[in-house]
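Hydrogens, waters and symmetry mates are skipped; everything else that's a heavy atom, side chains included, is used.
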Amino acid sequence: MNVFRLLGDLSHLASILILLQKIQSTRSCRGISFKTQALYATVFIARYLDLFYEWVSLYNFTMKVFFIASSCYILYLMKYKYRPTHDPSIDTFRVEYLLGPCVVLSLLFHYRFTIPELLWSFSIFLEATAILPQLFMLQRTGEAETITTHYLAALGAYRALYIPNWIYRYFTEDMVDPIAVTAGIVQTALYLDFFYVYFTKVLQGQKFELPA
């Protein structure tokens, strides 16, 4: 554990808490992609199955349980409690275009041909692209509530902070994970347009609106 990894984890934690606060305070899922949330739930479940057979630390265990439980709870809120506030007509990204390639990539790029390792690899590739349905929704609507943009910013910062974490580990532990690094760079790159608008508008007190 190093400061970059810790800050990344805290940013990830903050993104989920912000999203839950947005849904509960507004009693609405407006502007949130159910498909992106479903993909994140899939990521966490696939990656953290080792909860059942491997103990790392209390911190590791607590974070894994939180991510799985919170993602499932968000799906419950969107699917049942606040379902009328979600508009599937604008949440139309074809997730099969993500799932299929991620399955293929996990079969091609992995460290051991075992079920846990294949699921881990699949989760890494899927996480890199899971935000696409949400970004696609932003493109379609052209705007977003401020609290929703804070959620997305915290989520993007989480992955961006992992880049200095990998650099630090390379120089201090002589360790590099090509799969995670490549997927993380792709994931961070997907946020670049969003971050530009976020920093130039939202943090300046303006409404989040994409250029026409």
Side-chain angles (χ1 to χ4, degrees), residues 4-5 7-9 11-13 15-16 19 32-54 56 60 63-72 74-75 78 91-139 151-170 173 175-195:
F4 302 113
R5 168 71 183 274
L7 289 174
D9 287 351
S11 182
H12 196 184
L13 182 65
S15 71
I16 295 176
L19 179 57
I32 303 299
S33 168
F34 179 84
K35 292 184 177 181
T36 280
Q37 298 307 315
L39 291 177
Y40 277 123
T42 303
V43 166
F44 298 141
I45 292 170
R47 185 177 303 170
Y48 299 146
L49 287 178
D50 60 353
L51 280 170
F52 295 104
Y53 58 85
E54 183 177 353
V56 177
N60 183 275
M63 294 293 276
K64 288 178 178 180
V65 170
F66 173 80
F67 287 134
I68 292 175
S70 60
S71 62
C72 291
I74 289 169
L75 291 180
M78 297 188 71
D91 191 11
T92 57
F93 191 93
R94 301 287 295 274
V95 295
E96 57 267 32
Y97 294 154
L98 301 180
L99 292 170
C102 288
V103 169
V104 173
L105 286 172
S106 67
L107 292 173
L108 294 175
F109 302 102
H110 50 266
Y111 296 118
R112 288 189 301 274
F113 198 79
T114 63
I115 296 299
E117 284 294 320
L118 291 176
L119 287 173
W120 176 86
S121 182
F122 168 74
S123 75
I124 293 294
F125 291 123
L126 185 60
E127 185 182 22
T129 55
I131 197 61
L132 283 175
Q134 181 67 63
L135 296 178
F136 187 71
M137 275 188 67
L138 287 181
Q139 288 288 344
Y151 153 68
L152 291 172
L155 191 60
Y158 139 67
R159 183 47 71 183
L161 283 164
Y162 264 52
I163 295 177
N165 163 63
W166 293 320
I167 295 173
Y168 176 87
R169 294 190 68 184
Y170 174 75
E173 304 174 27
M175 178 180 179
V176 62
D177 185 337
I179 294 176
V181 170
T182 302
I185 291 173
V186 170
Q187 185 176 356
T188 304
L190 292 176
Y191 281 91
L192 292 180
D193 286 345
F194 166 81
F195 274 132

Legend entry - Interatomic spacing from CD1 in Ile163 to CH2 in Trp166 - rounded to 0.5 Å: 6.0 Å

Legend entry - Phe113 atom CZ, over 12 foreign heavy atoms within 6.0 Å: no

Inset, instruction - Count the heavy atoms of every other residue, nucleotide or ligand shown that sit under 6.0 Å from CD1 of Ile115, and state whether that count exceeds 12. - result: no

Legend entry - Asp193: partners by salt bridge (Lys or Arg N to Asp or Glu O under 4.0 Å), with sequence neighbours left out: none

Using distance only, find each side-chain donor-acceptor pair of residues 124-139 under 3.5 Å and give its atom names and separation, not counting sequence neighbours.
from   : atom 1 : to     : atom 2 : distance (Å)
Glu127 : OE1    : Arg47  : NH1    : 3.1
Glu127 : OE1    : Arg47  : NH2    : 2.8
Glu127 : OE1    : Arg159 : NH2    : 2.8
Glu127 : OE2    : Tyr158 : OH     : 2.6
Thr129 : OG1    : Leu126 : O      : 3.3
Gln134 : OE1    : Ser33  : N      : 2.9
Gln134 : NE2    : Gly31  : O      : 2.8

Inset, instruction - Measure the spacing between CG of Leu155 and OG of Ser11 and express it to the nearest 0.5 Å. - result: 7.5 Å

Inset, instruction - Return yes if some donor-acceptor pair links the side-chain N/O of Ser71 with the main-chain N/O of Ile68 below 3.5 Å, else return no. - result: yes

Inset, instruction - Not counting sequence neighbours, which residues clear salt bridge (Lys or Arg N to Asp or Glu O under 4.0 Å) with Lys64? List them please. - result: Asp50

Inset, instruction - Check whether the ring centres of Phe67 and His12 lie less than 6.0 Å apart, and answer yes or no. - result: yes

Legend entry - Side chain Ser121, main chain Glu117, donor-acceptor under 3.5 Å: no

Legend entry - Under the salt bridge (Lys or Arg N to Asp or Glu O under 4.0 Å) test, residues paired with Asp91 that sit two or more places apart: none

Legend entry - Any residue meeting salt bridge (Lys or Arg N to Asp or Glu O under 4.0 Å) with Glu173, in chain and number order, not counting sequence neighbours: Arg169

Legend entry - Plane angle bin for Phe44 and Tyr48 - parallel if under 30°, tilted between 30 and 60°, otherwise perpendicular: parallel

Inset, instruction - State, with a plain yes or no, whether a side-chain heavy atom of Tyr111 is found less than 4.5 Å away from one of Ile179. - result: yes

Inset, instruction - Please confirm whether the backbone N or O of Phe93 pairs with a side-chain atom of Lys35, one donor and one acceptor, at under 3.5 Å? - result: yes

For residues 102-109, tabulate all N or O donor-acceptor pairs below 3.5 Å that involve a side-chain atom, not counting sequence neighbours.
from   : atom 1 : to     : atom 2 : distance (Å)
Ser106 : OG     : Cys102 : O      : 3.3
Ser106 : OG     : Val103 : O      : 2.7

Inset, instruction - Quick one: pull up CG in Asp9 and CZ in Phe66 and give me the separation to the nearest 0.5 Å. - result: 12.0 Å

Legend entry - Distance, nearest 0.5 Å, that separates CD1 of Ile74 from CD1 of Ile16: 6.0 Å

